[in-house]
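The structure under discussion appears below in the form of structure tokens.
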Amino acid sequence: MALILRLRTTVAPQTSSEMSQTPDWMPITPKTGSLFHAETQTAARGGLTLEQVNQRMDLLSGSLSMEEFANCDLIIEAVFERVDIKRQVFTKLDGICKSGAILATNTSELNVDEIAAATTRPEDVIGLHFFSPANVMKLLEVIRGDKTAKDVIATSMNLAKRIGKIAVLAEVCHGFIGNRILTSREREAKKLVLEGASPWDVDRVLYEFGFPMGSFRMADLSGLDLGWVREESTGSTLRELLCEMGRLGQKSGAGYYDYDDNRNAKPSPITEKIIRDFIAKTGKIPRSISDGEILERCLYPMINEGAKILEEGKALRASDIDVVWVNGYGWPVYRGGPMYYADQIGLGKVLGKMKELQLSMGHDFKPARLLEKLVADGKTFASFDQRVS
């Protein structure tokens, strides 16, 4: 299999002017790029020898010309996460790559069908969402579009095994499986903070549940400016306010948390003041929020969103959702994944709380039809999987 990888910079352009100044193909050689840095870090931890790192890097070649993709069997695009930019790349690839080549996008949430429509061969287009850092994380979401050919799906699933990944097949929807469910948790985490919980309280509860870190530590680690554009910022959210202050997360020494020189996090009085002032402007009065409410508000919408994904047919099995969350998002292995966890605590309990929260807090907590049906029938997500297997 011929494969050319594009080694890209880790800092994406943030403004339209910066985008126009950024060349299509950055002049990065394999042994000066971020991939080489990642592999040498693995070697430093004892995962590889330096000889193995050099052997791996020698298999790669860099290029500034897309024409060199002409004879490749598989091309994986990983440009800036904007659908218009990705469509431009796929239109170019469509005119360059040989018939039968698989054109894959590494998008984490964008519409694969919309990207495929920029080509004359949507049957050859598929999503291969590698999780970051890709040399460490095992999960690979394989996203089939409406017109993706079965042999392209089969080849992609087989490729995942060959390179040591754990593949989960999903259909097109915003955020696919993992990020769609994550969005429901992050929505509630942010709402809890605006109701009176502190970011560190939310993070502590999630950490004590078994996650390696909570929502706000994770946001700081990823970078609060991911997807943020200064020219379009209105200061209408806590994240925008923090970014406008230059508090971009761990990399800048401050985000939701403050960080010392060793990147150790501590609660930030600056963030606390920003939150107090933000709440005051809304006219609301902060309230005391228990750990139990924090946990239920963060986890139960995840389970509900998972049920919606199953009911829409975007995932084949509840266990596929669990595989995604255990291997890609740090769900504690001993709790089995969100859908398994729901079965353990009882779907009736989850449904009852969702109905209660819907009455007091609105549509975000509307129960999925599948969740209601399973409870009415006395079934579980495990029994749902038995039906579709």
In the structure I gave you, are the side-chain heavy atoms of M66 and L93 within less than 4.5 Å of one another anywhere? yes
OG-CG distance between S383 and D377, expressed to the nearest 0.5 angstrom: 8.5 Å
Between L48 and R56, is any pair of side-chain heavy atoms under 4.5 Å apart? yes
Over 60° means perpendicular and under 30° means parallel, so classify the ring planes of W325 and Y329, tilted if in between. parallel
Salt bridge or not for D277 and K273, using N-O below 4.0 Å? yes
Do Y207 and M302 belong together in a cluster built from hydrophobic side chains that touch within less than 4.5 Å? no
Drop me the distance from E188's CD to L295's CG, to the nearest 0.5 angstrom. 12.5 Å
Taking A118's backbone N and O only, do any of them form a donor-acceptor pair with T91's side chain (distance below 3.5 Å, no angle check)? yes
Option among T148, T155, L103 that satisfies the side chain to side chain contact (heavy atoms under 4.5 Å, CB included) test with I126: T148
Would you call R287 and E195 a salt bridge, using N to O less than 4.0 angstrom? yes
Proximity of F216 and W200 rings by center, below 6.0 Å: no
Between E372 and R369, is there a side-chain N and carboxylate O pair less than 4.0 Å apart? no
Check this for me: does any side-chain nitrogen of one of D94 and R121 sit under 4.0 Å from a carboxylate oxygen of the other? yes
Could you check if a side-chain atom of P199 sits within less than 4.5 angstrom of a side-chain atom of I275, using non-hydrogen atoms only? yes
If you measure from NE2 on H129 to CG on N106, what distance do you get to the nearest 0.5 Å? 6.0 Å
Are the charged groups of K147 and E123 less than 4.0 angstrom apart, N to O? no
Side chains of H174 and T183: does their closest heavy-atom pair fall under 4.5 Å? no
Let me confirm one number: the CD1-OG distance from I143 to S108, rounded to the nearest 0.5 Å. 10.0 Å
Looking only at heavy atoms, the pair that brings L128 and A104 closest together is CD1-CB, 3.6 Å
With a 4.0 Å cut-off on N to O distance, would you call R180 and E109 a salt bridge? no
Which heavy-atom pair separates A101 from C72 by the least distance, and what is that distance? CB-O, 3.4 Å
Search all heavy atoms of V375 against all heavy atoms of G348 and return the closest pair with its distance. CG2-N, 3.9 Å
Using a 4.5 Å cut-off on heavy atoms from C-beta on, say whether the side chain of K165 contacts that of I163. yes
Any side-chain to backbone donor/acceptor pair from K379 onto F384? Under 3.5 Å, distance only. no
L370-I345 co-clustered via ILVMFWY side chain contacts under 4.5 Å: yes
Considering all heavy atoms, the nearest P338-I321 contact: CG-CG2, 4.2 Å
Considering only heavy atoms from C-beta outward, does the side chain of Q358 approach that of P367 to under 4.5 Å? yes
Listed once per pair and sorted, the salt bridge (Lys or Arg N to Asp or Glu O under 4.0 Å) pairs that draw on residues 238-249, sequence neighbours left out: R247-D258
D220 to Y257 - nearest heavy-atom pair and separation: OD2-N, 3.0 Å
Taking a hydrophobic cluster as the set of Ile, Leu, Val, Met, Phe, Trp and Tyr residues connected by side-chain heavy atoms closer than 4.5 Å, whether directly or through intermediates, do M57 and V136 fall within one such cluster? no
Just checking, R185 and F211: is the charged tip under 6.0 Å from the six-membered ring centre and within 45° of the axis? yes
Electrostatic pair K308:E311 at N-O distance under 4.0 angstrom: no
M137 CE to N135 CG distance, which is reported to the nearest 0.5 Å: 10.5 Å
Flag, side chain of Q250 to backbone of Y259, donor-acceptor distance under 3.5 Å: no
Charged N-O contact under 4.0 Å between E208 and R204: yes
Side-chain heavy atoms of V172 within contact of D146, under 4.5 Å: no
Interatomic distance, CG@L357 vs CZ@R297, rounded to 0.5 Å, equals 6.5 Å
What pair of heavy atoms forms the shortest contact from G255 to L224, and how long is it? CA-CD1, 4.0 Å
Side chains of D203 and Y256: is there a donor and an acceptor less than 3.5 Å apart? no
Any luck finding a side-chain donor-acceptor pair between S236 and T234 under 3.5 Å? yes
In the structure I gave you, are the side-chain heavy atoms of L351 and L374 within less than 4.5 Å of one another anywhere? no
